[in-house]
2 protein chains.
Amino acid sequence: MKTITKRSGCPVSFSLDFLGDKWTLLILRDMVLSDKNSYGDFLASNERIATNILADRLNTLEQYGFIIKRVSPEKKNKFLFSLTEKGIELVPILMELTIWGSKYNPPGNEKLLKALADDKVGTILKLQQKLRNAIP
Amino acid sequence: MKTITKRSGCPVSFSLDFLGDKWTLLILRDMVLSDKNSYGDFLASNERIATNILADRLNTLEQYGFIIKRVSPEKKNKFLFSLTEKGIELVPILMELTIWGSKYNPPGNEKLLKALADDKVGTILKLQQKLRNAIP
DNA sequence: ATTTTTACTTGCATTTTGCAAGCAAACAAA
DNA sequence: TTTGTTTGCTTGCAAAATGCAAGTAAAAAT
């Protein structure tokens, strides 16, 4: 049970109270862009998050309603994570981080970038639809 | 001279290498939304950043080309900070943090929210124009 | 029955943050 | 011209967060 303290009434500050660290948004990125959904999936990502940090962030994200954790139907020792509506609405933030990051560290994800350049709203909506369909 | 290590080639990860903490984007928010431009200005914000952290973040932001520091023309013991193009292009990220934060912690900045809802692209461009005019 | 998979937890070292006090150059007032 | 104020830091130390390696445990596969 981690307690996140609201530092002010500012919306940017409020968002950063939850998202302002080096790992949280990377977990969400994995769910949104790579359809990852388990502890092992997140652990395998290139940035090499530590096991204790991953467990902590997953707990916090669940606690504050960004994700839902359920037992895998096939394997009862495996858990599957999915995004809630609250988490799905972070997609635009992830997309802007993608656009800026690609510009200052090319090439980035060229296919996604092209889609965003061509139709940002539509691309975001499509990602969000996919994630909504994954809600159990 | 702080060294930021790139954790992977992913654009989201790259963005978070610089922006992934509780304070950096709040300083940029102050510059973008409140036209703040000095150490004292940033220190006065509601979230109460510590003096050493503020000095550290301003140094890092300058070092990596997000902001420029110059001596105030009137007072030679005062410094003025302005955003570079690299920093100005973070405005879309700040706007999405504003939108999400306002939704899950209302009311947020209602005037800005209305402007974004009405014309997101135009609102962002207008903010960016203003910041470009402030480049010395 | 034994090994593997999956998801953690624990202990400890290192790094970062937070807090309070101190410092120094430029400026303003007496 | 001295004295106090403004501005922007730096320093030292305590507390919290992170990172690393090893250990644990339930379920599944062999």
Side-chain angles (χ1 to χ4, degrees), chain A residues 1-8 13 16-27 30-31 34-64 67-82, chain B residues 1-8 13 16-27 30-31 34-64 67-82:
Chain A
M1 272 288 139
K2 186 156 65 175
T3 310
I4 289 173
T5 342
K6 187 161 74 175
R7 290 174 295 170
S8 79
S13 163
L16 294 176
D17 288 341
F18 297 101
L19 309 173
D21 77 306
K22 296 239 177 302
W23 297 110
T24 302
L25 282 164
L26 289 189
I27 296 170
D30 286 349
M31 299 181 79
S34 309
D35 297 317
K36 296 190 176 187
N37 64 358
S38 72
Y39 181 92
D41 284 349
F42 304 133
L43 211 57
S45 286
N46 288 329
E47 296 84 8
R48 318 320 322 273
I49 189 171
T51 58
N52 55 343
I53 307 288
L54 176 56
D56 174 83
R57 294 304 186 277
L58 288 172
N59 269 325
T60 307
L61 284 170
E62 193 193 6
Q63 186 190 330
Y64 285 98
I67 61 175
I68 286 167
K69 180 183 186 173
R70 67 197 159 101
V71 177
S72 164
E74 302 93 5
K75 291 190 173 189
K76 286 174 186 170
N77 65 336
K78 189 174 180 176
F79 299 97
L80 298 179
F81 297 91
S82 51
Chain B
M1 271 287 141
K2 185 157 67 173
T3 309
I4 289 172
T5 340
K6 187 160 74 176
R7 289 175 295 169
S8 80
S13 163
L16 295 176
D17 288 342
F18 297 102
L19 309 173
D21 78 304
K22 295 239 179 299
W23 297 111
T24 302
L25 281 163
L26 288 189
I27 296 171
D30 285 349
M31 299 181 79
S34 309
D35 298 317
K36 297 192 176 185
N37 64 358
S38 72
Y39 181 92
D41 284 349
F42 304 133
L43 210 58
S45 286
N46 287 330
E47 295 84 8
R48 316 321 321 273
I49 189 170
T51 57
N52 55 342
I53 307 288
L54 176 55
D56 174 83
R57 293 304 187 276
L58 288 173
N59 271 324
T60 306
L61 283 170
E62 193 193 7
Q63 186 192 329
Y64 286 97
I67 61 175
I68 286 168
K69 179 183 187 173
R70 68 197 158 100
V71 178
S72 165
E74 301 93 6
K75 290 192 172 188
K76 286 173 187 170
N77 66 336
K78 189 174 181 176
F79 299 96
L80 298 180
F81 297 91
S82 52

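Within every chain, numbering begins at 1; the chains are lettered A, B, ... in the order of the sequence lines, protein sequences first and strands thereafter. Because only heavy atoms are used, hydrogens play no part in the values below, and waters and symmetry mates are left out as well, while side chains stay in.
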Looking at every non-hydrogen atom in both residues, tell me the closest pair between [X] and [Y] and how far apart they are.
| X | Y | answer |
| --- | --- | --- |
| B:Lys2 | B:Thr60 | CE-OG1, 3.2 Å |
| B:Phe81 | B:Ser38 | CD1-CA, 4.1 Å |
| B:Leu43 | B:Ile49 | CD1-O, 3.6 Å |
| B:Phe42 | B:Leu58 | CE1-CD2, 3.8 Å |
| A:Ile4 | A:Tyr64 | N-OH, 3.0 Å |

Sidechain-backbone polar pair: A:Lys22 side chain, B:Gly20 backbone, donor-acceptor under 3.5 Å:
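Such a contact is found between A:Lys22 side chain and B:Gly20 backbone.
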* To do: May I ask you to decide if A:Asn52's main-chain N or O and A:Asp56's side chain share a donor-acceptor pair within less than 3.5 Å?
  =>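 The answer is no, because no donor-acceptor pair under 3.5 Å joins these two groups.
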Given protein heavy atoms under 4.0 Å, the one-letter contact record of nucleotides 25-30 of chain C, with B base, S sugar-phosphate only and - none, is simply -BS---
- Message: Could you tell me the boundaries of the chain A footprint on DNA chain D, defined by atoms under 4.0 Å from its heavy atoms?
- Response: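 That gives a stretch of D:dT18 to D:dA28.
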Tell me the interatomic distance from [X], atom [atom1], to [N], atom [atom2], rounded to whole angstroms.
| X | N | atom1 | atom2 | result |
| --- | --- | --- | --- | --- |
| A:Phe42 | C:dC8 | CZ | C1' | 15 Å |
| A:Lys78 | C:dT4 | NZ | C1' | 14 Å |
| B:Asp21 | C:dT15 | CG | P | 18 Å |
| A:Trp23 | C:dT15 | CH2 | C1' | 14 Å |

Handout entry: Rounded distance [0.5 Å steps], CG in A:Leu54 versus CG in A:Asn59
Key =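 Here the rounded value is 9.5 Å.
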Requested in this report: Compare all side-chain heavy atoms of A:Arg7 with those of A:Asp17 and state whether any distance is below 4.5 angstrom.
Outcome: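 Yes. Closest side-chain heavy atoms under 4.5 Å.
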Apply side chain to side chain contact (heavy atoms under 4.5 Å, CB included) to A:Leu80 and A:Lys78, showing your working.
-> CA-CA 7 Å; A:Leu80 298 179; A:Lys78 189 174 180 176; 4.3 Å; yes
At under 4.0 Å between heavy atoms, what does A:Lys2 touch on the DNA or RNA strands: base, sugar-phosphate, or nothing?
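The residue A:Lys2 makes no contact with any strand.
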Examine the side chains of A:Glu47 and A:Ser45 and answer whether a donor and an acceptor come within less than 3.5 Å of each other.
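No, no side-chain donor-acceptor pair sits under 3.5 Å.
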- Can you list, by residue number, the residues of residues 49-63 of chain A that have a non-hydrogen atom closer than 4.0 angstrom to DNA chain C?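 By residue number: A:Thr51, A:Asn52, A:Ala55.
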